[in-house]
Amino acid sequence: MSLSRLLQEKRVVICCGSGGVGKTTTSAALGLRGAALGRKTLVLTIDPARRLADALGIPALEHSPTRVPQTTLRAAGRAGRGMLDAMVLDAKIALDDVVRRHAPSERVRDTILANPLYRFGSRALIESPEYLAMETLNALEAEGSWELLVVDTPPTRHALDFFSAPRRMVEFLERNRFLALMTPRGKDALRGQRIVGMSVGMLLRVIARVTGSQLLEAAREFFTAFEGMFEGFRERAARMDRLLRSEATSTVIVTSPEPHAISEARVLLASFAAEGIPVGGLIVNRVATDPVPDGALRAWAGGAKPTAKRLAGTLALPGLTPRDRDRAEAMIENYLLYRRLAGRDREAIRGLGDLGLPPGALHVVPELEDEVVRLEGLRKFLRHLGRAGR
């Protein structure tokens, strides 16, 4: 499936890969392309850096969709019938939004948001935002305002957490006995049982002595208020899990020719295959390319092995001084080093042949002159990506 067809047919496209390979750039490019194909598109990034906003030519991103102006789309050469929004995940806002949307009543909502245990415990989720990213994606997809959602994930190890987050949250809620201790229904279910050798009542008294009665009361208040939301967490997690593995969703793995990045891309492909997560494409970004054929370089060297000294020695320009020739030799040496890098990149891409990717799934984008942090750089990236995807 070509990238254009992927963006036309899927509702969710998730960009994954190791750090520094261009996932954010790729996400912005795919978002632009989706809008050019006439789809209402939103790009969601979990990366708080400014690169996505800069690349799209907008001042800043917030935890709410920001419209990319049509003038920007036209400047990128991608104006079409569609539209493009972009946003960045703010984990604290996302967590509060989950409570506001799904609390069974205003009283329960206010109780949870004001509870000190919630304010303290929310830090752990904020520092590992994969679950909150899934909650945000779920809310955006359920809202139905966009036909295509492009998600820019954290580096590889966290990308795997991103896909397993819904199930891990359900497992936590179902297995955590402390949560059960703090709710009336849970205590009824545990009545008569012994935990760590003590009755439920005795264990609660010990917890009160160790933590203080105020903290225990805050915990009771929090989990009692939260109890009515447990089933909602389970239902949404199941829905998210189905969405990630459905025909409506596909992943695009982004890598570079660097050995560590290729290795992590292989790990992702194997993990996704084991989990039943569909992969729609593999993009190899920042590839060194050299259009000069070996024969032309050998002919320049007079049929001998091309070296910097030999090639510089063939220069017969009027007024060329020995110092100029030394400089030319240094420049040619630098070029030959780059040429070896381009050969290494070709071998790395050739080595991906054992992955069994279907035709059209591998896309190669060359190293650009400048880092893609502005709209012009994104235009160049998009042009190369379009040619690579044919």
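- Evaluation of the side-chain contact (heavy atoms from CB on, under 4.5 Å) rule for Glu367 yields Arg286 as partners, not counting sequence neighbours.
- Rounding to the nearest 0.5 angstrom, the gap separating the CE atom in Met331 from the CG atom in Asp326 is 13.0 Å.
- Considering all non-hydrogen atoms of both residues, Pro69 and Ile58 come closest at CD-CG2, 3.9 Å.
- Between the side chains of Thr41 and Trp146, no donor-acceptor pair is found at a separation under 3.5 Å.
- Ser250 pairs by the side-chain hydrogen bond (donor to acceptor under 3.5 Å, both in side chains) definition with nothing, not counting sequence neighbours.
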Exercise for the section: Decide yes or no on side chain to side chain contact (heavy atoms under 4.5 Å, CB included) for Leu56 and Leu32, but give the supporting numbers first. Expected result: CA-CA 9 Å; Leu56 292 174; Leu32 279 173; 4.3 Å; yes

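- With no hydrogens or angles considered, no side-chain donor-acceptor pair links Ser246 and Arg242 at under 3.5 Å.
- A distance of 10.5 Å separates CG in Asn138 from CG in Leu149, rounded to the nearest 0.5 Å.
- Partners of Arg11 under the side-chain hydrogen bond (donor to acceptor under 3.5 Å, both in side chains) rule, at least two apart in sequence or in another chain, are Glu141.
- Ser271 pairs in a side chain to side chain contact (heavy atoms under 4.5 Å, CB included) with only one of the listed residues (Val267, Leu268, Leu269), which is Val267.
- Judged as a side-chain hydrogen bond (donor to acceptor under 3.5 Å, both in side chains), and not counting sequence neighbours, the contacts of Tyr335 are Asp290, Arg339.
- The line from CD1 of Ile93 to OG of Ser64 is 8.0 Å long, rounded to the nearest 0.5 Å.
- With respect to Arg266 and Asp354, a salt bridge is recorded, a charged nitrogen being found less than 4.0 Å from a carboxylate O.
- Applying the side-chain hydrogen bond (donor to acceptor under 3.5 Å, both in side chains) test to Thr24 and every residue at least two apart in sequence or in another chain returns Asp152.
- Contact check for Asp161 versus Arg168: side-chain heavy atoms found under the 4.5 Å cut-off.
- Ion pairing of Lys40 with Glu147 is absent here, as no side-chain N (NZ or NE/NH1/NH2) approaches a carboxylate O to less than 4.0 Å.
- Ile277 meets the side-chain contact (heavy atoms from CB on, under 4.5 Å) test with Phe163, Arg245, Thr251, Phe272, Glu275; sequence neighbours excluded.
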